[in-house]
Participant: 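If you scroll down you'll find the structure; I have some questions about it.
Small disclaimer: the values here were computed from a predicted structure and weren't measured. Here is how names work: the chains are called A, B, and so on, in the same order as the sequence lines, proteins then strands, and each is numbered from 1. Hydrogens, waters and symmetry mates are skipped; everything else that's a heavy atom, side chains included, is used.
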Protein chains: 2
Amino acid sequence: MTAPDYDQRIEHWKTALHQNGYRVTQPRLQVIRILAESEIPLTPQEIYQLSLGLDSPPGIASVYRTLEMLDDLGLIQQIHQPSGCHAICPAVEGHKHLLICTSCGQMRVVEGNEAVSEYIRMIEEQTGYQVEEHLLQLFGICQNCS
Amino acid sequence: MTAPDYDQRIEHWKTALHQNGYRVTQPRLQVIRILAESEIPLTPQEIYQLSLGLDSPPGIASVYRTLEMLDDLGLIQQIHQPSGCHAICPAVEGHKHLLICTSCGQMRVVEGNEAVSEYIRMIEEQTGYQVEEHLLQLFGICQNCS
DNA sequence: AACCTTACTGATAATAATTATCATTATCAT
DNA sequence: ATGATAATGATAATTATTATCAGTAAGGTT
């Protein structure tokens with residue numbers, strides 16, 4: 001993610017806090033910066049460990065509280081990896097999916113596709129289910145690592 | 001899942017244990033039966049709770065040990081739900097996906113599709129990633145619940 | 001710019017989930 | 001039936017997450 005994108009995301013998140021009646025506090029900003037800056041998904045514990053390098057780092061409880069708030073606002077999402085399930089990254093909006101390198105962990109957002117939507121509609125017809133949500137994540141080796 | 005399928009799966013799993021040098025013990029069989037029998041994904045703790053209804057139920061440690069073994073053998077897989085990430089079900093082989101009812105939890109296996117494979121190949125070309133694995137799970141409301 | 005309300009914080013206790021330890025037991029090849 | 005040993009149960013240790021509460025800081029108001 002380039003610098004302007006990065007700053008823009010942070011501004012967007014700060015605005016979202018404001019508009020929802022949350023205060024923009026130092027601990028929250030520290031967690032937000034770590035998340036927005038990272039190119040790989042992070043666990044709550046990893047975020048906490050990274051924060052320890054900062055001046056007056058947040059307590060572990062505030063890390064969890066901030067993540068819960070960001071999740072309520074839909075600003076982050078969980079990554080579900082074969083190796084573990086509590087890594088977190090900025091939420092992917094709309095019809096997009098995550099592509100994650102199993103070697104270096106780098107993540108990349110890719111566009112969804114009409115073919116996938118079509119597949120889901122077909123499954124709905126076949127099964128009678130109303131599909132409300134889908135989880136599609138791709139794992140592989142990125143160009144750097146191969 | 002019909003009764004013959006159920007028995008067949010248990011026989012298959014027992015054979016797999018044998019062929020990989022694992023002993024077919026009572027605690028393992030108890031966990032295997034609970035998993036094969038269930039129509040919904042179960043957490044380790046739920047499996048343990050269910051086992052308490054049996055004669056001489058396995059210890060919690062054996063439940064975890066059995067799940068680790070079954071996972072190593074590729075016989076089970078984890079379900080990644082928005083609400084939590086440690087539910088377990090028998091592994092889906094080949095190009096199939098899981099469809100899970102967010103109301104009653106019932107799961108159903110659906111066939112994959114050439115369109116999905118095509119989408120993944122397109123992403124590979126666009127990004128230079130070699131996609132080795134993908135996670136596609138659909139969540140919705142089943143016919144019974146709607 | 002100082003004040004005031006109260007949402008938020010850090011420290012830590014409590015809870016829950018998972019893993020490690022080890023003496024005893026049960027599996028299964030012989 | 002026997003013996004080697006993989007596996008077990010009980011429980012301690014570890015790790016992750018959530019709850020509690022007195023003190024603090026954000027930010028609207030004056």
Participant: To the nearest Å, give me how far apart CD (B:Glu46) and P (C:dA16) are.
Facilitator: 15 Å
Participant: Can you check the A:Gln30 CD to D:dA25 P distance for me, whole Å?
Facilitator: 13 Å
Participant: So if you build clusters from Ile, Leu, Val, Met, Phe, Trp, Tyr with side-chain heavy-atom gaps below 4.5 Å, do A:Leu99 and A:Ile76 land together?
Facilitator: no
Participant: Rounding to a whole Å, what distance do you find between A:Tyr48:OH and D:dT18:C1'?
Facilitator: 15 Å
Participant: Just distance, no hydrogens or angles: give the donor-acceptor pairs under 3.5 Å from side chains in residues 67-75 of chain A, sequence neighbours left out.
Facilitator:
none

Participant: How many Å lie between NE2 on A:His86 and P on C:dA17, as a whole number?
Facilitator: 11 Å
Participant: Could you list all the salt bridge (charged side-chain N to carboxylate O under 4.0 Å, His left out) pairs where at least one residue sits in residues 114-125 of chain B, not counting sequence neighbours?
Facilitator: B:Glu114-B:Arg121, B:Glu118-B:Arg121
Participant: Which ILVMFWY residues can you reach from B:Ile141 by hopping between side chains whose heavy atoms are under 4.5 Å apart?
Facilitator: none
Participant: In this structure, how many angstroms lie between the C1' atom of C:dC8 and the CG atom of A:Asn20, rounded?
Facilitator: 16 Å
Participant: Looking at residues at least two apart in the chain, or sitting in another chain, which of them share a salt bridge (charged side-chain N to carboxylate O under 4.0 Å, His left out) with A:Glu93?
Facilitator: none
Participant: Counting only pairs under 3.5 Å, give me each side-chain donor-acceptor contact of residues 53-62 of chain B, with atom names and distances, residues two or more places apart or in other chains.
Facilitator:
unit_1, atom_1, unit_2, atom_2, d
B:Ser62, OG, B:Arg65, NH2, 3.3

Participant: Expected output is a numbered-order residue list: members of residues 50-78 of chain B with a heavy atom under 4.0 Å from any atom of DNA chain C. What is it?
Facilitator: B:Ala61, B:Tyr64, B:Arg65
Participant: CG of B:Leu17 versus P of D:dA6: gap in Å, rounded?
Facilitator: 16 Å
Participant: Just wondering, are more than 12 heavy atoms of other shown residues or ligands nearer than 6.0 Å to NE2 in A:His95?
Facilitator: yes
Participant: With the sugar-phosphate defined as primed atoms, P, OP1 and OP2, and the base as all remaining atoms, what B/S/- string results for nucleotides 25-30 of chain C, 5' to 3', for protein heavy atoms under 4.0 Å?
Facilitator: -BBSS-
Participant: Fill in the dot-bracket string of DNA chain C, one character per base: . for unpaired, | for a pair to another strand, ( ) or [ ] for pairs within the strand, taking Watson-Crick or G-U pairs under 3.5 Å.
Facilitator: ||||||||||||||||||||||||||||||
Participant: Just to verify, what does A:Ile40 make a side-chain contact (heavy atoms from CB on, under 4.5 Å) with, not counting sequence neighbours?
Facilitator: A:Ser38, A:Leu42
Participant: Restricting to pairs with a member in residues 22-33 of chain B, which pass salt bridge (charged side-chain N to carboxylate O under 4.0 Å, His left out), not counting sequence neighbours?
Facilitator: none
Participant: Name every donor-acceptor pair, under 3.5 Å, that has one atom in a side chain of residues 14-22 of chain B and the other anywhere in the protein, sequence neighbours excluded.
Facilitator:
unit_1, atom_1, unit_2, atom_2, d
B:Thr15, OG1, B:Glu11, O, 2.8
B:Asn20, ND2, B:Ala16, O, 2.7

Participant: Using a side-chain heavy atom cutoff under 4.5 Å and only I, L, V, M, F, W and Y, what cluster partners does A:Val109 have?
Facilitator: A:Ile79, A:Val92, A:Leu98, A:Ile100, A:Met107, A:Leu135, A:Phe139, B:Ile79, B:Val92, B:Leu98, B:Ile100, B:Met107, B:Val109, B:Leu135, B:Phe139
